[in-house]
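First comes the structure, then the notes that go with it.
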Amino acid sequence: IFQFAFLFLLNSLNLCKCYSNSFNLSQLKENVAVFEGNWGCLDNVDKVGHSRNSWTQSAAKDFDILRGKYLTGETVWINEHLAIGHAQYDVVIMQILHLTTVSRIVLQRAPCLTPKLCKGIGTWKSWFAGYFAVMINAFRPGIPIYIRWGKSDTLVAHYLSINSSNGSVQELVNSSDTIILNTPKKCFEKVWKRTECAPCIKHAVSPPTTVKFRNSAQILAKKGNLFISNSSNPTIHVLYTYRPRTSTRHVRNVDQVIKFLSKAFENTTLYTFLSIPTPEGDITEQIQLMSQSHVVITDHGAFQSNMMFMNNGSLLIDLRGIYWSKTKGKGSTDPIIYAESIASLFGIHFRHVDLSRLITHDTIAFDMSRKEVEMIVNIITTLTPTLQQHFHAH
């Protein structure tokens, strides 16, 4: 309780240690976005679903090591819902991997805990294996990531890498290398994990780290040019991606929205416009799409986690329901604050448009107004000179 109260105080007073440039290990330790524990234990580690871990400092060392009580080396511990929209919460681990000699990553929660997490976009095979492969390839090649399936108490070592010759994720499983979580407590020589201070991550990952991550992701990107232009001059690539009509919170008048945006960006010497339903392919397609787009217009939600694959200087326009304005800043894990922070870390211009007819998170369908679509166009045209200068100056 005291820990969470402290984090809320930091949130309100903005006292977190922030570094906008490359920083070292001692500065990482000072950053409130990261927790470092030495010779102690986490509790609730046996929970496969939602839980929080608290830390207990331990005095005994050598004797317990001989008895196998402590997990030796450095461990990155991730206790988060393994849905794609939650990936942004633990983005700070890439900085940990960059600056430390981490021995392993452990995912406390099962990737396939519910039927929803076992199929479609955002599953382990379609997204998370690639996401962690990109990080491991960039910063700590060869380390294992331990995962479990369903409600099993046995976590098995998976070794992820990227095959640069064909841009695929290689996954080797060592079933004899396991971590057993059948009791509430697990003890460590050293453990790293994120805190729940959302504003603190805004400067917790350095520019060199984001560059290495993007470069690693590009190896995995699906090949092929998605933006086909007849212009002899380079154009601004504008992408509008929207939820299909089978999804909740989908735009009912999406055809009219696309028609309006197509007309607004019909100057093919200046823009190349592409509109598609939110992609449901694997992470290689997500990286390809985001890295080739200079402007992304998208609904607030899971797909936005892919903004970390956009190029520095790009623009993302967040189409969000009006209900978010009532909740922003009310919780330490506020999704809006995290989205804005990820954009800041990766050098992305982040703008939003409030959708007046999207009034709850459970709304099935709604219409976008002409005024709201005009706001989207105005944001893009206003920033067009900046985008041109950044992407086409050379």
Side-chain angles (χ1 to χ4, degrees), residues 3-4 35-58 60-61 63-87 89-90 93 96-97 102-120 122-133 135-136 140 142-160 169-196 333:
Q3 179 186 13
F4 295 129
F35 170 76
E36 177 200 15
N38 292 284
W39 300 110
C41 307
L42 291 174
D43 69 357
N44 286 329
V45 300
D46 56 333
K47 301 294 190 299
V48 296
H50 178 71
S51 66
R52 285 191 171 95
N53 309 117
S54 61
W55 175 259
T56 303
Q57 197 67 40
S58 180
K61 295 179 184 178
F63 181 70
D64 286 325
I65 291 174
L66 296 176
R67 291 175 57 190
K69 180 178 179 181
Y70 285 87
L71 190 60
T72 57
E74 299 189 37
T75 302
V76 169
W77 191 267
I78 300 176
N79 180 6
E80 185 50 69
H81 188 53
L82 289 173
I84 183 173
H86 291 238
Y89 298 152
D90 285 288
I93 69 171
I96 298 172
L97 294 175
V102 164
S103 310
R104 67 190 67 84
I105 300 171
V106 178
L107 303 182
Q108 177 175 327
R109 304 194 200 183
C112 197
L113 184 60
T114 66
K116 186 177 180 181
L117 296 178
C118 291
K119 61 181 181 180
T123 63
W124 174 258
K125 285 293 185 184
S126 68
W127 200 85
F128 275 98
Y131 172 63
F132 286 115
M135 269 202 262
I136 290 170
R140 294 290 295 160
I143 66 168
I145 181 166
Y146 291 81
I147 64 174
R148 59 174 146 194
W149 300 105
K151 297 183 179 180
S152 172
D153 59 12
T154 302
L155 283 71
V156 178
H158 290 236
Y159 290 82
L160 301 171
V169 175
Q170 304 295 302
E171 183 173 4
L172 299 177
V173 180
N174 184 354
S175 56
S176 63
D177 184 0
T178 62
I179 295 175
I180 308 298
L181 299 179
N182 57 3
T183 61
K185 184 179 288 187
K186 189 69 178 177
C187 300
F188 304 85
E189 178 183 352
K190 182 187 286 288
V191 70
W192 297 93
K193 65 190 299 290
R194 71 167 172 89
T195 67
E196 293 189 3
T333 55

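Starting from 1, each residue takes its place in the sequence as its number.
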* To do: Side-chain contact test, heavy atoms from C-beta onward, threshold under 4.5 Å: evaluate it for Arg104 versus Ile179 and give yes or no.
  => yes

* First locate atom CG of Leu107, then atom CZ of Phe132, and finally report the distance between them rounded to the nearest 0.5 Å. => 5.0 Å

* Are any of the side-chain heavy atoms of Val156 and Val173 separated by less than 4.5 Å? -> yes

* Give, for atom CE of Met135 and atom CD1 of Ile96, the distance between the pair rounded to the nearest 0.5 Å. => 10.0 Å

* Decide yes or no for Phe188 and Val106: does some side-chain heavy atom of the first lie under 4.5 Å from some side-chain heavy atom of the second? => no

* Structure fact -> Only one of Asp90, Thr75, Leu97 passes side chain to side chain contact (heavy atoms under 4.5 Å, CB included) with Ile105, and that residue is Leu97

* To do: Measure the CD-CD1 distance between Glu171 and Ile147 for me, rounded to the nearest 0.5 Å.
  => 6.0 Å

* Can you name the closest pair of heavy atoms from Tyr89 and Arg194 and give their distance? -> O-CD, 2.8 Å

* Calculate, to the nearest 0.5 Å, the distance between atoms CG and OH belonging to Leu71 and Tyr146 respectively. => 7.5 Å

* Asked: Between Trp127 and Tyr131, how do the two ring planes meet: parallel, tilted or perpendicular, split at 30° and 60°?
  -> parallel

* Asked: Looking at CZ of Arg109 and NZ of Lys47, how far apart are the two atoms once the value is rounded to the nearest 0.5 Å?
  -> 11.5 Å

* Structure fact -> From the list Lys185, Lys193, Arg52, side chain to side chain contact (heavy atoms under 4.5 Å, CB included) partner of Leu42 resolves to Lys193

* Asked: Just by distance, with hydrogens left out, do Ser51 and Asn79 show a side-chain donor and acceptor under 3.5 Å apart?
  -> yes

* Asked: Nearest 0.5 Å, what's the CG-CD1 distance between Leu155 and Ile180?
  -> 8.0 Å

* To do: Of all the heavy-atom pairs spanning Pro144 and Ser103, show the shortest one and how long it is.
  => CD-O, 3.3 Å

* For Ser152 and Trp149, indicate whether the former's side chain and the latter's backbone hold a donor-acceptor pair under 3.5 Å. => no

* To do: Check whether any side-chain heavy atom of Trp77 lies under 4.5 Å from a side-chain heavy atom of Phe35, and answer yes or no.
  => no

* Between the side chain of Glu189 and the main-chain N/O of Gly73, is any donor-acceptor distance below 3.5 Å? -> yes

* Asked: Mind checking whether Leu82 and Trp124 have side chains closer than 4.5 Å, heavy atoms only?
  -> no

* **Asp46 vs Asp153 side-chain heavy atoms within contact, under 4.5 Å** => no

* Structure fact -> Shortest non-hydrogen pair, Tyr159 vs Asp177, comes out as OH-OD2, 3.4 Å

* To do: Determine yes or no for a side-chain-to-main-chain donor-acceptor pair under 3.5 angstrom, with Arg148 supplying the side chain and Gln108 the backbone.
  => yes

